[in-house]
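Have a look at the structure below before the remarks.
What you see below is based on every heavy atom in this structure, not just the backbone, and it leaves out hydrogens, waters and symmetry mates. The chains referred to below are lettered A, B, ... by the order of the sequence lines, with proteins before strands, and numbering in each begins at 1. What you see is a predicted model, and the numbers here were worked out from it, not measured in a lab.
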Number of protein chains: 2
Amino acid sequence: MDFELSIDPNEPVPIWKQIEEGVRRRIAAGGLHAGDAVPSVREAAVRLRVNPATVARAYRFLVDAGLLSVRRGEGTFVAKLGGDAAEMLRREELGRAARRYTGTAAELGVSIDEALEAVEDAWRRNVPADRKREGQAHG
Amino acid sequence: MDFELSIDPNEPVPIWKQIEEGVRRRIAAGGLHAGDAVPSVREAAVRLRVNPATVARAYRFLVDAGLLSVRRGEGTFVAKLGGDAAEMLRREELGRAARRYTGTAAELGVSIDEALEAVEDAWRRNVPADRKREGQAHG
DNA sequence: CATAGTGTATTAGATGAGCGATACACCTGG
DNA sequence: CCAGGTGTATCGCTCATCTAATACACTATG
């Protein structure tokens, strides 16, 4: 896989966490399927310009979460998840993001309608046409 | 004012930034109006259990952003913003949050409809009834 | 002027997370 | 066994953050 995760060392959130979330979301989005191999810690480290230990830490958390599976000496692979686990994971991630958003919206004292409108608006600007095709690949 | 900002030292984002965003959102939400005094750096430091220098840094950024105004020797006050500047600030904050959300949603490969549905769902759970009253205080 | 309240600036210190380097344990294939 | 691949564990170093103490300039009050 390309493993084109967007890593920003300037972000306050640690690099290993950015990697973790990136992989988690890719699995949730269906870009990584059960049994697929993820890059080795060293290879990923080279591509992302970070230390192998940093990648290893991200992988470790994903293994603990049951999303990745390690075959020692061979590599790291996407774990076999039960049935629609990927789908559930996707909903979970989406729900988490939605809660964060509504929390902020509530702090700002906006109405639900305004909050929804802002999402629609942001969607039109943020998501270029080529992204819209992917939306129907999962369901 | 109560200044009950939620500060979490465990968050990856620095404390001074949490304070800054808290005040910014409160102004955007209309909880702080032009001319209102914010707590002194020392008083806020006592309430939030942090160092005065930490509060001072947050205030400094808010002053640079034009949201707070300092009357040396007297205190720090919410700056007089032109007309509907608070409204614009609110939209800005909301837009920023919405973009972050849609960005995540796009990464997950969800459709716009699903993204909106997730917001509605999160809103019902997250925002208790007492918060809904505030929604019509603006606009 | 004296006092006490503001914000600001500076310095120094402590802490802890993040990260890099290295060595180790395991598997595959020769 | 050996060589090269894997993930894992450990040790320090670096650095941003936060804290603490202090001093300063300014303003209101008496």
Side-chain angles (χ1 to χ4, degrees), chain A residues 1 3 5-24 27 32 35-80, chain B residues 1 3 5-24 27 32 35-80:
Chain A
M1 71 168 291
F3 216 64
L5 300 180
S6 55
I7 302 302
D8 185 0
N10 296 336
E11 287 277 317
V13 46
I15 295 179
W16 64 265
K17 200 157 197 173
Q18 295 182 40
I19 298 174
E20 184 205 346
E21 292 193 1
V23 174
R24 170 177 269 121
I27 294 176
L32 280 172
D36 287 354
V38 296
S40 71
V41 290
R42 289 171 180 80
E43 183 180 350
V46 171
R47 292 196 194 174
L48 300 177
R49 316 286 182 87
V50 297
N51 195 286
T54 304
V55 180
R57 185 174 342 192
Y59 280 13
R60 172 146 179 67
F61 276 85
L62 289 165
V63 168
D64 289 350
L67 295 180
L68 293 185
S69 171
V70 165
R71 291 207 287 271
R72 198 166 177 117
E74 294 188 53
T76 307
F77 306 83
V78 179
K80 234 178 144 178
Chain B
M1 70 170 290
F3 215 64
L5 301 180
S6 56
I7 303 302
D8 185 0
N10 297 336
E11 288 278 316
V13 45
I15 297 179
W16 64 264
K17 200 157 197 172
Q18 295 184 38
I19 298 174
E20 184 205 345
E21 293 194 0
V23 174
R24 171 176 271 120
I27 294 175
L32 280 173
D36 286 356
V38 295
S40 71
V41 289
R42 290 171 179 82
E43 182 180 350
V46 171
R47 293 197 196 174
L48 300 177
R49 314 288 182 86
V50 297
N51 196 294
T54 304
V55 179
R57 185 172 344 191
Y59 280 13
R60 173 146 180 69
F61 276 85
L62 289 165
V63 169
D64 289 348
L67 295 181
L68 293 184
S69 171
V70 166
R71 290 208 289 271
R72 201 170 176 112
E74 293 189 55
T76 308
F77 305 82
V78 178
K80 230 179 147 179

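Every residue two or more places apart in sequence or in another chain that forms a salt bridge (Lys or Arg N to Asp or Glu O under 4.0 Å) with A:Asp64 is listed here: A:Arg60.
Put simply, the side chain of A:Leu67 does not reach to within 4.5 Å of the side chain of A:Val23, judged on heavy atoms. Between A:Leu68 and A:Val78 the shortest side-chain heavy-atom distance falls below 4.5 Å. In this structure, B:Tyr59 and B:Pro39 have side chains that are in contact, with non-hydrogen atoms separated by less than 4.5 Å.
Regarding B:Ile7, its CD1 atom lies at a distance of 14 Å from the C1' atom of D:dT17, rounded to whole Å. At whole-Å resolution of the value, CG in A:Asn51 and P in C:dC19 are 9 Å apart. In this structure, the CD atom of A:Gln18 is 14 Å from the C1' atom of C:dC19, given to the nearest Å. Between A:Glu11 atom CD and C:dC19 atom C1' there is a gap of 18 Å when expressed in whole angstrom units. The distance between atom CG of A:Leu68 and atom C1' of D:dT6, rounded to the nearest whole Å, is 14 Å. Protein atom CG of B:Asn10 is 17 Å distant from nucleotide atom C1' of D:dA16, rounded to whole Å.
Between A:Glu20 and A:Ala58, the closest heavy-atom pair is N-CB, 3.9 Å.
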Worksheet entry | Annotated protein contacts, base or backbone, on nucleotides 4-18 of chain C with a non-hydrogen cut-off under 4.0 Å, one of B, S, - each | -BBBB---------S

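The pair A:Lys17-A:Glu21 does not count as a salt bridge, with every side-chain nitrogen at least 4.0 angstrom from each carboxylate oxygen.
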